[in-house]
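Nothing here was measured: the structure is a model prediction, and the numbers come from that model.
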Amino acid sequence: MDRETPELAAPATFLRGEEGASPESVRARFERMIRRVQAEVCAELEAVEGGASDGGGGALFREDAWTRPGGGGGISRVLQGGRVFEKAAVNVSVVYGVMPPEAYRAARPEAAAAAGGEKAGPVPFFAAGVSSVIHPVNPFAPTMHFNYRYFETEAPKVTMEDDAPFSADAPGAPRQWWFGGGTDLTPSYIIEEDVKHFHSVQKQTCDKFDPCFYSRFKKWCDDYFYIKETLLQFATECADSVLPAYIPIIERRKDIPFTEEHKAWQQLRRGLLWPLHLLLMKVYDRGTTFGLKTGGRIESILVSLPLTARWEYDHKPELGSEEWKLLDTCINPKEWI
């Protein structure tokens, strides 16, 4: 795979040719949405960071823009070492081209399985998304993660064992496309007011589309942080719910006094959570697996890692303690609203 090329500034659009000239296409609309969300989230986090003290002057986001030879590119924005946020990353990518067979199998395992003994050939694809992980300094302020993505593939070309090529889909079959993503809160300490607020905002967003969505998707998230739905507007509303769900919690918790023991527990949670998170993404998450197999920018993929973490052998919190309550809630999910 060719490596990405650094750019001095992000272009107005990563689309080109016919797609770039069609502002109402789903691809163009989704790119505009994720770049708007990136800008709004970064601006809001910088405002919180700058207001952390009377003197202002908090940490700012650094931006890296890049393009890929096969088509498209992305914008990575990272803030670290701040007063409120130890590390925060908000990335967007818009990539397209031809994916190798192993990437198609990662993106469409059910289609690959249905092909049986057939060998999938190169598949034209388009993938775009916004992804963020926010790690606060204060252990009473929760980590936030969200990502929303849109993916397309053309009808794949496959080859039988005798190397006779044919199309896997009927002539003229429509392209495959889907939306995915989700938002999750990762506290080190359970503060019910915060968790209820977060879930209330998510439910209000889901209720705009279907009153059954919240309970249905929460169950999926309790099983694994994954949402799939084929509605551009729903993905847009969910992405727009991130700030109202998270910023009020940060404002309430960023200045709570904490001890070295509280900080140690936060870092222990990170030490357990993020290696597991990366393993789950590598094994189960289609978006991450696809990115790795199509030569994705490793720095952007690994930006979810916290600035600091901690590992202790066989650490067990005291039964009934606040730390124990967090673990109990993770094992036995609750209905918060």
Checklist entry - S200 and H197: side-chain donor and acceptor closer than 3.5 Å? => result no

Checklist outcome for this item: Rounded to the nearest 0.5 angstrom, the NE2-CG distance for H145 and D184 is 6.0 Å

Next on the checklist: Do the side chains of R269 and E323 get close enough for a salt bridge, i.e. N-O under 4.0 angstrom?
Outcome noted: no

Checklist outcome for this item: Tightest non-hydrogen contact, residues C206 and F217, listed as SG-CD1, 4.4 Å

Item to check | Separation of E44 CD from E49 CD (nearest 0.5 Å) | outcome: 13.0 Å

Checklist entry - Does any non-hydrogen side-chain atom of P248 lie less than 4.5 Å from one of F198? => result no

Checklist entry - Quick one: do the E237 and T205 side chains pair a donor with an acceptor below 3.5 Å? => result no

Next on the checklist: Using a strict threshold of under 4.0 Å (side-chain N to carboxylate O), is an ion pair present between D64 and R62?
Outcome noted: yes

Next on the checklist: Same cluster or not: I134 versus L243, using hydrophobic residues (I, L, V, M, F, W, Y) connected whenever any side-chain heavy atoms lie under 4.5 Å apart?
Outcome noted: yes

Item to check | Rounded distance [0.5 Å steps], CD1 in I34 versus CZ in R29 | outcome: 14.0 Å

Item to check | Contact check, side chains of F61 and L45, non-hydrogen atoms, under 4.5 Å | outcome: yes

Checklist entry - Is the backbone N or O of A12 less than 3.5 Å from a side-chain atom of R35, with the two atoms forming a donor-acceptor pair by type? => result yes

Item to check | Distance-minimising heavy-atom pair for I250 and A141 | outcome: CD1-CB, 3.9 Å

Checklist entry - Do V90 and L185 sit in the same hydrophobic cluster, where Ile, Leu, Val, Met, Phe, Trp and Tyr count as joined when their side-chain heavy atoms come under 4.5 Å apart? => result yes

Item to check | Stepwise side chain to side chain contact (heavy atoms under 4.5 Å, CB included) check, I75 with F14 | outcome: CA-CA 10 Å; I75 306 168; F14 288 106; 3.9 Å; yes

Next on the checklist: Do R253 and N138 have side chains that approach each other closer than 4.5 Å (heavy atoms only, starting at C-beta)?
Outcome noted: no

Checklist outcome for this item: All heavy atoms of A9 vs all of A65, minimum pair found to be C-CB, 4.0 Å

Checklist entry - How about L60 and R77: do any of their side-chain heavy atoms sit closer than 4.5 Å? => result no

Item to check | Test item: side-chain donor near acceptor, T13 and E31, under 3.5 Å | outcome: yes

Next on the checklist: Rounded at 0.5 Å granularity, tell me how far OG1 in T183 sits from CD in Q202.
Outcome noted: 5.0 Å

Checklist entry - So if you build clusters from Ile, Leu, Val, Met, Phe, Trp, Tyr with side-chain heavy-atom gaps below 4.5 Å, do I249 and I337 land together? => result no

Item to check | side chain to side chain contact (heavy atoms under 4.5 Å, CB included) between W66 and S76, worked out | outcome: CA-CA 8 Å; W66 50 274; S76 300; 3.7 Å; yes

Next on the checklist: Tell me whether F146 shares a hydrophobic cluster with W336, the cluster being built from Ile, Leu, Val, Met, Phe, Trp, Tyr side chains joined at under 4.5 Å.
Outcome noted: no

Checklist entry - Is there a donor-acceptor contact under 3.5 Å from the side chain of S132 to the main chain of A89? => result yes

Item to check | Co-members of the apolar cluster containing W324 [side chain, <4.5 Å] | outcome: L319

Item to check | Student check: side-chain heavy atoms of V137 and V84 closer than 4.5 Å | outcome: no

Next on the checklist: Tell me the closest heavy-atom pair linking G320 and K325, and the distance in Å.
Outcome noted: O-CE, 3.7 Å

Checklist entry - Out of Y148, F179, Y150, F213, which one pairs with F234 under the ring pair (Phe, Tyr, Trp, His ring centres under 6.0 Å) rule? => result F213

Checklist entry - At their closest point, which heavy atom of S22 faces which heavy atom of A28, and how far apart are they? => result O-CB, 3.4 Å

Item to check | Side-chain (R68) to main-chain (Y96) donor-acceptor, under 3.5 angstrom | outcome: yes

Item to check | CG-CD distance between N91 and Q38, expressed to the nearest 0.5 angstrom | outcome: 7.0 Å

Checklist outcome for this item: Value for CZ (R270) from CG (L307), rounded to nearest 0.5 Å, stands at 8.0 Å

Checklist entry - Taking the side chain as C-beta and beyond, is there a heavy-atom pair between V98 and F125 under 4.5 Å? => result no

Next on the checklist: Between E86 and K263 (salt bridge meaning N to carboxylate O under 4.0 Å), is one present in this structure?
Outcome noted: yes

Checklist entry - Under 30°, 30 to 60°, or over 60°: which ring-plane class applies to Y189 and H262, parallel, tilted or perpendicular? => result perpendicular

Next on the checklist: Between R216 and D210, does any NZ, NE, NH1 or NH2 come within less than 4.0 Å of an OD or OE carboxylate oxygen?
Outcome noted: no

Next on the checklist: Run D240 and V37 through side chain to side chain contact (heavy atoms under 4.5 Å, CB included) and show every step you take.
Outcome noted: CA-CA 7 Å; D240 286 341; V37 168; 3.8 Å; yes

Checklist entry - Is any side-chain heavy atom of P187 closer than 4.5 Å to a side-chain heavy atom of F140? => result no

Checklist entry - With a 4.5 Å limit on heavy-atom distance, are the side chains of K87 and P306 in contact? => result no

Checklist outcome for this item: Closest heavy-atom pair, Y246 versus P136, reported as atoms and distance to 0.1 Å, is OH-CG, 3.3 Å

Checklist entry - Got a donor-acceptor contact below 3.5 angstrom from the S321 side chain to the P317 backbone? => result no

Checklist entry - Are I247 and V130 connected in the hydrophobic side-chain network, where two residues link if heavy atoms are under 4.5 Å apart? => result yes

Checklist entry - Going through the checks in order, is the side chain to side chain contact (heavy atoms under 4.5 Å, CB included) test met by W265 and H315? => result CA-CA 10 Å; W265 172 246; H315 180 273; 3.7 Å; yes

